[in-house]
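Below: one structure, written as structure tokens.
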Amino acid sequence: MLLELSLVFFAFSTRFIALAAFSQSFDSDFTFTLPAGRKECFYQTMKKDASLEIEYQVLDGAGLDVDFHISSPTGHVIFSDYRKSDGVHTVETEDGDYALCFDNTFSSISEKVIFFELILDNMDQDLDDDDDWKEYVHGTDMLDMKLEDIMDTINSVKARLGKSAQIQTVLRAFEARDRNIQESNFERVWHTELSRGRCLWMRRGVLYLRLFRDVTGRDAGQETGTIPVSD
Amino acid sequence: MLMRQGGSMMLSAAGFVLAFSWFLPGYALYFHIGETEKKCFIEEIPDETMVIGKYRTQLWDKQANSFLPATPGLGMHVEIKDPDTKIILSRQYGSEGRFTFTSHTPGEHQICLHSNSTKMALFAGGKLRVHLDIQVGEHTNNYPEIAAKDKLTELQLRVRQLLDQVEQIQKEQNYQRYREERFRMTSESTNQRVLWWSIAQTLILIVTGIWQMKHLKSFFEAKKLV
């Protein structure tokens with residue numbers, strides 16, 4: 001009777017813990033457009049003794065820089081970056097809403113595309129006691145212990161894959177920024193330089209012929225066989 | 001009999017977690033949006049990737065000096081554009097909503113939110129607080145549901161989760177390879193055009209220089225200065 005009860009409790013609690021472990025992850029990343037002369041703030045509710053890591057990067061927009069600051073729930077500014085193109089900050093948090101603000105007020109024409117990633121740790125403190133269920137299990141045999149080792153290995157592989165995915169996100173942001181710089185260079189070189197070159201040559205030609213017209217007079221120009229320049 | 005009770009307790013626990021997966025996690029990011037303001041987020045994703053977005057809105061109540069928990073009649077309009085700026089989703093949702101789409105082309109998808117309500121003008125200081133959570137790729141998988149449907153043990157479920165994660169990383173890497181190729185093509189095209197343009201400019205320079213010399217020579221000869 002007691003064995004049955006403990007087995008049922010074991011099955012129930014491990015299932016529940018497993019299901020709860022697959023709840024929503026608390027890491028998130030966002031890419032947004034910050035219009036010129038605007039300031040945008042994002043707020044994150046935090047618990048006591050948790051940690052908040054923010055990594056941001058400017059992906060597009062002339063100058064590729066933005067002002068950034070983190071404010072605590074009391075309104076006190078914890079970190080402040082001035083016109084940086086990327087940054088990483090970690091905050092040990094208290095209870096309350098933290099404000100993450102991006103400021104583009106120094107720029108009056110260019111809008112910025114900003115990518116930021118939030119990594120929250122120690123948020124679900126109630127799940128840290130998930131080892132308590134082991135105390136209720138009696139008579140675990142060798143098979144269960146080996147399964148536990150496999151579980152540990154799998155958990156560590158999962159954590160590493162999660163980290164790889166995070167690094168991949170950051171690398172993707174870097175590549176997006178480089179690509180934006182590249183494409184704007186291409187536009188600039190091809191369209192601006194081409195039209196500028198054409199204008200320059202035409203202006204030179206006109207000036208050259210006008211020189212002759214001014215110096216020698218119209219008749220002389222026609223005499224030597226140059227193309228008559230009309231007013 | 002006891003096992004059956006345990007089984008039903010287990011199912012109710014699964015149902016409990018499933019129900020809450022519909023709603024936002026308690027600690028999603030939030031921001032403030034004005035009445036006619038449009039907030040856009042860019043998601044750069046590979047193809048055949050599912051994206052689920054969940055949001056919750058709260059209206060600022062001036063009398064209570066706080067945000068109301070939920071306001072019926074307050075809606076958000078969600079518009080999603082694919083990398084070719086074609087609209088793939090344009091829908092109205094209530095004060096709480098969940099939108100989902102699957103990408104068919106890799107690239108930058110734009111998710112735009114704006115409030116459609118004019119009622120906010122009545123509440124002075126029209127400020128709306130929007131809690132938003134966007135999940136991409138394997139984060140959209142509902143594992144409790146998959147575990148229940150395929151009857152997987154904890155170990156099997158973990159391995160399934162690892163497989164999904166690796167598959168997503170692989171997709172991202174393929175997309176990265178495609179982007180790097182495009183990047184290289186743009187670079188080479190730029191370099192080529194710069195090269196041809198400078199060669200062309202040099203040739204034009206030489207040709208006009210020769211023509212100028214000839215012209216000057218004939219001019220001076222005509223003026224009998226030489």
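Hydrogens, waters and symmetry mates are skipped; everything else that's a heavy atom, side chains included, is used. Chain naming here is simple, since letters A, B, ... match the order of the sequence lines and numbering starts at 1 in each.
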Between A:L59, A:T33, A:D97, which residue shows the highest count of heavy-atom pairs closer than 4.5 Å to chain B? A:D97

Could you tell me which of B:E180, B:E108, B:Q168, B:Q165 has the largest number of non-hydrogen atom pairs under 4.5 Å with chain A? B:Q165

Only pairs of heavy atoms separated by less than 4.5 Å count here; which of B:Q201, B:E172, B:R193 has the most with chain A? B:R193

Can you find a pair of side-chain heavy atoms, one from [X] and one from [Y], that are under 4.5 Å apart?
X	Y	value
B:R182	A:Q182	no
B:T190	A:N185	no
A:E175	B:F183	yes
B:V194	A:F186	no
B:F31	A:C41	no
B:R179	A:R179	yes
B:H32	A:Y43	yes

Roughly how far, to the nearest 0.5 Å, is the [atom2] atom of [Y] from the [atom1] atom of [X]?
X	Y	atom1	atom2	result
A:L100	B:L29	CG	CG	6.5 Å
A:M151	B:R158	CE	CZ	5.0 Å
A:R160	B:L162	CZ	CG	12.0 Å
B:H139	A:S28	NE2	OG	10.0 Å
B:Q173	A:S164	CD	OG	9.5 Å
B:E44	A:R172	CD	CZ	6.0 Å

Is it the side chain or the backbone of B:Q176 that comes within 4.5 Å of chain A heavy atoms, both, or neither? side chain

Heavy-atom cut-off 4.5 Å, strictly under: side chain, backbone, both or neither for B:L205 against chain A? both

Is there a side-chain contact (heavy atoms from CB on, under 4.5 Å) between B:F41 and A:D29? Walk through the geometry before answering. CA-CA 10 Å; B:F41 296 90; A:D29 62 271; over 6 Å; no

Evaluate the criterion side-chain contact (heavy atoms from CB on, under 4.5 Å) for residue pair B:E43 and A:T31; output intermediate values, then yes/no. CA-CA 7 Å; B:E43 286 295 329; A:T31 311; 5.8 Å; no

Would A:F30 and B:I42 count as a side-chain contact (heavy atoms from CB on, under 4.5 Å) here? Give the steps. CA-CA 7 Å; A:F30 289 99; B:I42 299 167; over 6 Å; no

Test your reading of the model: is there a side-chain donor-acceptor pair from A:Q168 to the backbone of B:I169, 3.5 Å cut-off? yes

